[in-house]
S.K.: 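A single structure is presented below for examination.
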Amino acid sequence: MEPYKETVDAVVSEYDASLDDGLTERKVEEKIKNNGKNKFDEASKESLAKKFFHSLTDFTTIILLVAAVISLYTAIATDHGDYFESFLIIAIVVINSVLAIVQEGNAEKALSALQDMNKQTATVIRNGKQEEIDAEDLVPGDTLLLESGSMITADARIAEASQLRVEESALTGESEPVMKDPEYQGEEDDSLGDRLNMLYKGSTVVNGRGKAIVTATGMKTEMGKIAGLLNSDETQKTPLQKRLNQLGKRISLIALAAAAFVFFIGQMQGEPMLDMFITAISLAVAAVPETLTVIVTLTLAFGVQKMAQKNAIIRRLPAVETLGSANVICSDKTGTLTQNKMRVRRVWTHGDSVVDTEEGMTDEAMEVLSIAALCTDVIVENDDNELEIKGNPTEAAIVRAVEENYHTKAELEEKYPRIGEIPFDSDRKMMTTVHKRGKKFISITKGAFDVLYPKFHYGDVDQAAIVNDRFGKKALRVIAVGYAIHEEEPKEITSEALEKNLRLMGLIGMIDPPRPESKAAIARAKKAGIKTVMITGDHVVTAGAIAKELGIMKSRKEAISGAQLQKMTDEELDDRVKDLSVYARVTPEDKIRIVKSWQRSGAVVAMTGDGVNDAPALKASDVGCAMGITGTDVAKGAADMVLTDDNFATIVDAVARGRSVYQGIRKAINFLLSCNISEIFIVVIAMLLGWGAPFTAVQLLFVNVVADGLPGFALGREPAEAGIMDEKPIPRDEGIFARGLWKKIGLNAAVFTVVTLIGFYIGAFVEHISYFTPPSLEVGQTVAFLVLAYSSILHVFNVRSSKSIFKVDLATNKSLAQMAWLAIGITTAIALIPQTQELFYLVPISMNHWIIAILLSLVPIIVTELIKFHKAPEVDPENI
């Protein structure tokens, strides 16, 4: 049965309902048993164990685990009993996984708190009594009682209605409330917005009252059907995940090739096979940047903390970086770019007398608005000097304009008391009220100008027609106001008696205005190379006017309707998608098509929205951004990020933070791989020259975890460099080493290789450096260890900025300096304390060796400073 096609009696019979007495408790229990609770199916939550094991499937993590197993096997095979290396790698993996799980858990808790604030109730008739119940307990057949302000919490067939108007923008995207009619019987092709006898979950009653029979709950509601669409799109890997996976594969291939090469060279040189196997495995372990995943996770987590301070809750950690790659923002209009509150923008009284309400108000304009305000049914509340107007948005806009400009509706009604009315209905499209005016009476009629035009016999009607067209082209909703004076109280309060021979008083033009911050945010995004696309269920003219005002589009050719879109094939859409900026009157399926078309063009798409109709596109996009205040639970559940202030500008701030995070990750990769790649070169070259192995596996692991890891952890807190939002977005297919990063890493690795080999050679082969410390392989390894560790630690100051290290204030990232000093202190202690010397296969060295190691460690800084001739950008607080 499709309730919108049936009569009220048929629906009552089908659902075993009663308009007067409602359902009995027994029937309710039976229906809950058969239909379930009135809530959406929730995705089964992963257990902590499942989340943990899922986090281990990352390619880089797999490499680390393999390295741990090999290290453990090597320790057992050599009967050395040194399990320190393998346990340390496993600890790194566990820490990384725990960090990711904790962060996502915190985001889910924040979202749960938001949802608890929005718990809904419903007023029903049960057992012959009126009750307020938890909306989850609604069942088909319940009798809903509705009044102005009621949230509609299930789909229902209207049985009785009095001036019932419902705002359905969350479901249909149409911002104007719909007048409902219980007598309407639908036809086969009626869209949701045309079913005047139905109420749908997620809508709000803005005027009037009524009764309705619940026809669907939970996943069977229209909102539930849209929620079901979310399951059809699998979560895509983010650009960062793809890049890090690619990086992990490259590193593993390089490591395996180098290990095989070293093993082969050793065999050719007649070295013992087991020793060569251990050396090769040590090199493979060293080549993997063990702390990269931890540093990336900490960098993302710090970005999440910063974004939370700017009203953005991140639900999935990689979304931070993905935002930095975004080059298209697809945004809903109503409530996202606009305020979802109609406002009076223009008032016309006669001739060319058009008043812009933002520039000031004239007495004539106030008179038009005051008379129109009398012909409204809104309720005005003023608590703690905060004005709240409940009712039809169009009428609320008129009354708000009056209340904010001297008069109040209460004063007007006291001066001109209402004695009769002809309510608005969808056939007449006008409303009339009758008021006492001194000894005379006045009837006031307001409605659409096109409908009232034949009824105006007095006033500047021809000029009004011209002004009406002008207002329409600016996407203003136009309300005409007319009146008639009566010497005696009208005996017949009917349309035939009162709505004729009217005097035109004026026209009121109103619009749902843009959010004040939206225009600046769109301009900032445009400067950053990010295109803003408006996707809305509203009309093309209205959407186009708002888009022009916000700077989203320049030409009418950039706008398209849903009907035109549906006639286009995917190939045709792909050809035009970059030229289109506004999509109007679209369906949820259309929104997904638009997002996927942009993705096929290579774009990284962020989608903002608050309604149920936005949810599938939020899920399909690379980063879904839901509104926290006005957003529905479905939208929040589908999103990667929730904006707690419902501010479009917040997403642009989030993009800046995302770019900063990506910049930080590139710095971390530069910092870590410079050392890791040099380790491969150092070992390979030393073996080719027949010098022996310059490091043991545990020495290399120490450098990777402590010398690289500790300063690397603080890199994520580095402020963004100036101009980060002046650059073009990062292309989806751009490698992580693009824009010269490979060259920087290669140069740094080369310098590290040279200075470390020099240190190793001096310690292993050069006589007369110290009478008390003769050259040996162990002395060479100790000097090489110190040179590589110190130079790696100091290298963090090179990569933190493109400016000279002497021009960067250490106070902008105090933790970086603290971590660097800590790493230097630990490294020095390891080389001096006898117990740790033995653990890491180090030996005591002379003061001359220490001086040589320190001087060689400073060489990379000197080389890097020589190539930093250009001035680095200043830190921009706007991008931090």
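Computed over heavy atoms, backbone and side chain alike; hydrogens, waters and symmetry mates excluded.
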S.K.: For the residue pair Q837 and L832, what are the closest heavy atoms and their distance?
M.R.: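 That would be NE2-O, 3.5 Å.
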S.K.: Could you tell me whether a side-chain N or O of T836 sits under 3.5 Å from a main-chain N or O of I830, the two making a donor and an acceptor?
M.R.: yes
S.K.: Side-chain contact test, heavy atoms from C-beta onward, threshold under 4.5 Å: evaluate it for L688 versus F261 and give yes or no.
M.R.: yes
S.K.: Of V652, D622, V623, which meets side chain to side chain contact (heavy atoms under 4.5 Å, CB included) against L323?
M.R.: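 Answer to the side chain to side chain contact (heavy atoms under 4.5 Å, CB included) test with L323 among V652, D622, V623: V623.
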S.K.: For side-chain contact (heavy atoms from CB on, under 4.5 Å), just list the numbers for I762 and I769, CA-CA rounded to whole Å, side-chain angles, deciding distance to a tenth of an Å, and then say yes or no.
M.R.: CA-CA 8 Å; I762 290 173; I769 297 295; 4.0 Å; yes
S.K.: Looking at side-chain heavy atoms only, is the closest gap between P774 and E767 below 4.5 Å?
M.R.: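 No, too far: nothing below the 4.5 Å cut-off.
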S.K.: What are the two closest non-hydrogen atoms of A817 and F797, and how far apart are they?
M.R.: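 That closest heavy-atom pairing would be CA-CZ, 4.2 Å.
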S.K.: With sequence neighbours left out, which residue pairs that include part of residues 843-861 fulfil the side chain to side chain donor-acceptor pair (under 3.5 Å) condition?
M.R.: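 Only S846-H849 qualify under side chain to side chain donor-acceptor pair (under 3.5 Å).
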S.K.: Got a donor-acceptor contact below 3.5 angstrom from the Q699 side chain to the T696 backbone?
M.R.: yes
S.K.: Can you sort out the partners of R800 under side-chain hydrogen bond (donor to acceptor under 3.5 Å, both in side chains), two or more places apart, ordered by chain and number?
M.R.: E718, T812
S.K.: If the condition is side-chain hydrogen bond (donor to acceptor under 3.5 Å, both in side chains), which residues does Q781 pass it with, not counting sequence neighbours?
M.R.: none
S.K.: Taking ring-ring contact (aromatic ring centres under 6.0 Å, His included) as the definition, give me every residue that meets it alongside Y790, ordered by chain and number, with sequence neighbours left out.
M.R.: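 By the ring-ring contact (aromatic ring centres under 6.0 Å, His included) rule, Y790 matches no residue at all.
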S.K.: State the OG1-CE distance between T322 and M641, to the nearest 0.5 angstrom.
M.R.: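 If I round to the nearest 0.5 Å, the distance is 11.0 Å.
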S.K.: Please identify each residue that fulfils side-chain contact (heavy atoms from CB on, under 4.5 Å) with I861, with sequence neighbours left out.
M.R.: L794, N798, I805, E865
S.K.: Are V262 and I680 packed together at the side-chain level, in the sense that at least one heavy-atom pair is separated by less than 4.5 angstrom?
M.R.: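 When only atoms from C-beta onward are counted, I680 and V262 do not touch, as no gap falls below 4.5 Å.
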S.K.: Please round to the nearest 0.5 Å and tell me the distance separating atom OG1 of T753 and atom CD1 of I677.
M.R.: 9.5 Å
S.K.: Mind checking whether P860 and H795 have side chains closer than 4.5 Å, heavy atoms only?
M.R.: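 P860 does not reach H795 side chain to side chain.
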S.K.: Could you state the interatomic distance from CZ (F785) to CZ (F840), rounded to the nearest 0.5 Å?
M.R.: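 Separation between the atoms: 6.5 Å.
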S.K.: Output every pair passing salt bridge (charged side-chain N to carboxylate O under 4.0 Å, His left out) with a member in residues 681-699, not counting sequence neighbours, ordered by first then second residue.
M.R.: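 Found none.
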S.K.: With sequence neighbours excluded, what pairs up with K814 under the side-chain contact (heavy atoms from CB on, under 4.5 Å) test?
M.R.: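 Listed in chain order: A811, Q818.
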S.K.: Using the test side-chain hydrogen bond (donor to acceptor under 3.5 Å, both in side chains), find all partners of N327 that sit at least two apart in sequence or belong to another chain.
M.R.: none
S.K.: What are the two closest heavy atoms between A823 and V706, and how far apart are they?
M.R.: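 Scanning both residues, the minimum pair turns out to be CB-O, 3.9 Å.
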S.K.: Would you say that F695 contacts I682 through its side chain, given a criterion of any heavy-atom pair below 4.5 Å between the two side chains?
M.R.: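 A side-chain contact under 4.5 Å exists here.
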S.K.: Between atom CG of L710 and atom CG of L715, what is the distance when rounded to the nearest 0.5 Å?
M.R.: 12.0 Å
S.K.: Keeping to residues at least two apart or across chains, list the salt bridge (charged side-chain N to carboxylate O under 4.0 Å, His left out) pairs with something in residues 660-678.
M.R.: K667-E721
S.K.: What's the shortest heavy-atom distance between I793 and T827, and which atoms?
M.R.: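 The pair with the smallest heavy-atom distance is CD1-OG1, 3.9 Å.
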S.K.: Under the side-chain contact (heavy atoms from CB on, under 4.5 Å) criterion, do D708 and V796 qualify, and how do the steps go?
M.R.: CA-CA 8 Å; D708 288 349; V796 78; over 6 Å; no
S.K.: Is any side-chain heavy atom of V703 less than 4.5 Å from a side-chain heavy atom of S792?
M.R.: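 They are in side-chain contact.
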S.K.: Measure from the side-chain N and O atoms of S791 to the backbone N and O of V787, and report whether any donor-acceptor pair falls under 3.5 Å.
M.R.: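 A pair under 3.5 Å: yes.
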S.K.: F765: which residues meet the side-chain contact (heavy atoms from CB on, under 4.5 Å) condition with it, sequence neighbours left out?
M.R.: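 W691, Y761.
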S.K.: Does a side-chain heavy-atom distance below 4.5 Å link F752 with F681?
M.R.: no
S.K.: For the backbone of M307 and the side chain of R657, can you confirm whether one donor and one acceptor N or O come within less than 3.5 Å of each other?
M.R.: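 Side chain of R657 to backbone of M307, a donor-acceptor pair under 3.5 Å: no, none is there.
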S.K.: For the residue pair V843 and T782, what are the closest heavy atoms and their distance?
M.R.: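 Distance-wise, the nearest heavy atoms are N-OG1, 3.1 Å.
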S.K.: Considering residues at least two apart in sequence or located in another chain, which fulfil the side-chain contact (heavy atoms from CB on, under 4.5 Å) criterion with V859?
M.R.: V751, V755, V863
S.K.: For a 4.5 angstrom cut-off between non-hydrogen side-chain atoms, does N748 reach F671?
M.R.: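 SC-SC contact between N748 and F671 ruled out.
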S.K.: On a heavy-atom basis, which atom in S815 and which in R717 lie closest, and how many Å separate them?
M.R.: OG-CD, 3.6 Å
S.K.: SG/C675 to CG/N704 distance, rounded to the nearest 0.5 angstrom?
M.R.: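 Between atom SG of C675 and atom CG of N704 there are 6.0 Å.
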S.K.: Let me confirm one number: the CD1-CD1 distance from I758 to I852, rounded to the nearest 0.5 Å.
M.R.: 10.5 Å
